[in-house]
Engineer: 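Structure below; questions to follow.
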Amino acid sequence: MKVKIRVADPAGNITIFVMTPLDRSRYAEAANQLLEQREYKAEQVGFMEEMRNGTCRMQMMGGEFCGNATRSFGYLKSLLDPDHPKLVEVDVSGSDSPLKVEVDLEAGTSRTAMPLPRKMVSLLVPGHGSCPMVCFEGISHIIVKGPRRSDAFVQTVLKAAKEQETCDAYGIMFLEPSGDGMEKCYRMTPVVYVAKTDSLVWESSCGSGSMACAAYLADKKEDGTYIYILKQPDGLIEASVIRRKGKTAECRMGGKVSISDELEAEILCCAE
């Protein structure tokens with residue numbers, strides 16, 4: 001069957017939006033087929049769903065939350081609206097309530113409010129000590145200080161994370177100073193595992209992972225606003241944390257984004 005798609009590029013984290021309605025039972029198989037079509041160079045897939053009130057919802061391929069897909073969805077909504085609003089509200093998987101996205105079509109940027117972390121815990125990785133794990137609704141991110149490590153190390157961390165926390169998806173964010181002397185600027189290398197599609201991808205950028213790193217870096221700091229620049233393999237993401245009364249009160253992240261015209265892709269007919 002043929003499906004209508006849009007390909008979004010938020011700081012290199014290529015995301016396919018499937019515009020043609022599909023039953024949720026088809027999402028995992030359809031997503032895997034689209035990810036295999038290398039001409040799109042996609043790292044993840046989101047599906048458009050029409051809600052009862054006539055608005056559109058975005059459901060990620062594994063039901064997880066994704067910050068880059070969220071801000072890209074907001075950008076797409078503004079692009080398709082004749083009035084091109086600069087502030088749009090989006091309903092997305094992994095978030096209990098709608099989120100607001102600030103869009104600047106002229107600058108080619110979008111910035112989204114993010115769900116607050118549910119908790120921040122310590123993850124014991126056998127043979128490697130402990131790492132902070134920042135848990136959001138639907139996805140947990142483990143922060144490993146230093147440069148990218150081996151696939152074997154990634155599997156060890158994932159095994160430990162699955163045993164401690166049940167989630168739709170897990171990210172491992174390798175975090176180190178950027179090396180250019182800029183304060184609050186870091187280099188981040190993300191790898192994300194999605195349980196439903198059993199997919200492990202070294203991503204070009206990761207929005208929720210960036211937010212997890214910012215929340216970790218700002219943890220236990222005094223009240224105020226803390227802004228971090230996360231340099232990733234294919235782009236920059238700015239993540240900001242506002243702390244009030246000793247707690248993280250607001251989270252936002254943003255950066256460049258572009259979206260293709262509507263395209264047509266072919267997938268094998270997925271079973272109901």
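Note that this is a predicted model, so its numbers are computed, not measured.
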Engineer: Tell me every residue that passes side-chain hydrogen bond (donor to acceptor under 3.5 Å, both in side chains) with Lys245, counting only those two or more places apart in sequence or in another chain.
Structural biologist: none

Engineer: Taking the side chain as C-beta and beyond, is there a heavy-atom pair between Ile227 and Glu238 under 4.5 Å?
Structural biologist: yes

Engineer: Spell out, yes or no, whether Leu124 and Ile143 are grouped together once hydrophobic residues are joined by side-chain heavy atoms under 4.5 Å, including indirect joins.
Structural biologist: no

Engineer: Tell me whether Arg243 contacts the main-chain N or O of Asp223 through its side chain, where contact means a donor paired with an acceptor under 3.5 Å.
Structural biologist: no

Engineer: Going by the rule side-chain hydrogen bond (donor to acceptor under 3.5 Å, both in side chains), which residues pair with Lys221 if we only count those two or more places apart in sequence or in a different chain?
Structural biologist: none

Engineer: So, using side-chain hydrogen bond (donor to acceptor under 3.5 Å, both in side chains) as the criterion, who are the partners of Glu250 when residues are at least two apart?
Structural biologist: Arg244

Engineer: Compare every heavy atom of Met61 with every heavy atom of Thr197, then report the nearest pair and how far apart it is.
Structural biologist: OG1-CE, 4.0 Å

Engineer: Using a strict 4.0 Å threshold on nitrogen-to-oxygen distance, state whether Lys196 and Glu64 make a salt bridge.
Structural biologist: no

Engineer: Looking at side-chain heavy atoms only, is the closest gap between Lys4 and Glu264 below 4.5 Å?
Structural biologist: yes

Engineer: Tell me the closest heavy-atom pair linking Leu99 and Ala113, and the distance in Å.
Structural biologist: CD1-O, 3.7 Å

Engineer: Would you compute the distance between atom SG of Cys167 and atom CZ of Phe65 and round it to the nearest 0.5 angstrom?
Structural biologist: 13.5 Å

Engineer: Do you reckon Ile242 sits in the same ILVMFWY cluster as Met253, going by side-chain contacts under 4.5 Å, direct or chained?
Structural biologist: no

Engineer: Are Tyr75 and Leu80 in one and the same hydrophobic cluster, where Ile, Leu, Val, Met, Phe, Trp and Tyr link if side-chain heavy atoms are under 4.5 Å apart?
Structural biologist: yes

Engineer: May I ask you to list the residues sharing a hydrophobic cluster with Val201, side-chain cutoff 4.5 Å, ordered by chain and number?
Structural biologist: none

Engineer: Tell me which pairs pass salt bridge (charged side-chain N to carboxylate O under 4.0 Å, His left out) where either residue lies in residues 69-84, with sequence neighbours left out.
Structural biologist: none

Engineer: Mind checking whether Asn13 and Cys66 have side chains closer than 4.5 Å, heavy atoms only?
Structural biologist: yes

Engineer: Taking atom CD of Glu102 and atom CZ of Arg111, what is their separation to the nearest 0.5 Å?
Structural biologist: 5.0 Å

Engineer: State the CZ-SG distance between Phe136 and Cys251, to the nearest 0.5 angstrom.
Structural biologist: 6.0 Å

Engineer: Run Thr55 and Asp91 through side chain to side chain contact (heavy atoms under 4.5 Å, CB included) and show every step you take.
Structural biologist: CA-CA 9 Å; Thr55 61; Asp91 195 304; over 6 Å; no

Engineer: Hey, are the side chains of Glu29 and Ile267 touching, using non-hydrogen atoms and a 4.5 Å cut-off?
Structural biologist: no

Engineer: Ignoring hydrogens and angles, tell me if any N or O in the side chain of Ser78 forms a donor-acceptor pair with the backbone of Gly74 under 3.5 Å.
Structural biologist: no

Engineer: Between CE of Met19 and CZ of Arg6, what distance do you get to the nearest 0.5 Å?
Structural biologist: 6.0 Å

Engineer: When rounded to the nearest 0.5 angstrom, what is the spacing between CZ in Phe73 and CD1 in Ile259?
Structural biologist: 10.0 Å

Engineer: Using the test ring pair (Phe, Tyr, Trp, His ring centres under 6.0 Å), find all partners of Phe47 that sit at least two apart in sequence or belong to another chain.
Structural biologist: Tyr27

Engineer: Checking Glu36 now: which residues fulfil side-chain contact (heavy atoms from CB on, under 4.5 Å) with it, not counting sequence neighbours?
Structural biologist: none

Engineer: Sequence neighbours left out, what passes side-chain contact (heavy atoms from CB on, under 4.5 Å) with Ala107? Give chain and number order.
Structural biologist: Asp104, Thr109

Engineer: Distance-only criterion, 3.5 Å: show the donor-acceptor pairs between side-chain atoms of residues 203-217 and protein atoms not counting sequence neighbours.
Structural biologist:
unit_1	atom_1	unit_2	atom_2	d
Ser204	OG	Gly12	O	3.3
Ser204	OG	Glu43	OE2	2.8
Ser204	OG	Asp234	OD2	3.3
Ser205	OG	Pro10	O	3.3
Ser205	OG	Ala11	O	3.0
Ser205	OG	Asn68	ND2	3.1
Ser208	OG	His141	NE2	2.8
Ser210	OG	Cys206	O	2.6
Ser210	OG	Gln232	NE2	2.7
Tyr216	OH	Lys145	NZ	3.1

Engineer: Please go through Ile142's hydrophobic cluster and name the other residues, only I, L, V, M, F, W, Y counting, with side-chain heavy atoms under 4.5 Å joining them.
Structural biologist: Val121, Leu123, Val125, Met133, Val144, Phe153, Val154, Val157, Leu158, Tyr170, Ile172, Phe174, Val191, Tyr193, Leu200, Trp202

Engineer: What is the minimum heavy-atom distance between Pro85 and Val103, and which atoms define it?
Structural biologist: O-CB, 4.2 Å

Engineer: Do you know which two heavy atoms are closest between Ala30 and Leu22, and how far apart they sit?
Structural biologist: CB-CD1, 4.0 Å

Engineer: Counting neighbours of CD on Glu266 that are heavy atoms of other residues, nucleotides or ligands and sit closer than 6.0 Å, is the number greater than 12?
Structural biologist: yes

Engineer: Looking at every non-hydrogen atom in both residues, tell me the closest pair between Val194 and Gly62 and how far apart they are.
Structural biologist: CG1-CA, 3.8 Å

Engineer: When rounded to the nearest 0.5 angstrom, what distance separates NZ in Lys247 from CG in Leu116?
Structural biologist: 11.0 Å

Engineer: Applying side-chain hydrogen bond (donor to acceptor under 3.5 Å, both in side chains), name anything that partners Thr20, two or more places apart in sequence or on another chain.
Structural biologist: none

Engineer: What pair of heavy atoms forms the shortest contact from Glu165 to Ser140, and how long is it?
Structural biologist: CG-OG, 3.7 Å

Engineer: Do other residues, nucleotides or ligands put more than 12 heavy atoms under 6.0 Å from Glu106 CD?
Structural biologist: no

Engineer: For Ser258, give me all partners under side-chain contact (heavy atoms from CB on, under 4.5 Å), at least two apart in sequence or on another chain.
Structural biologist: Asp9

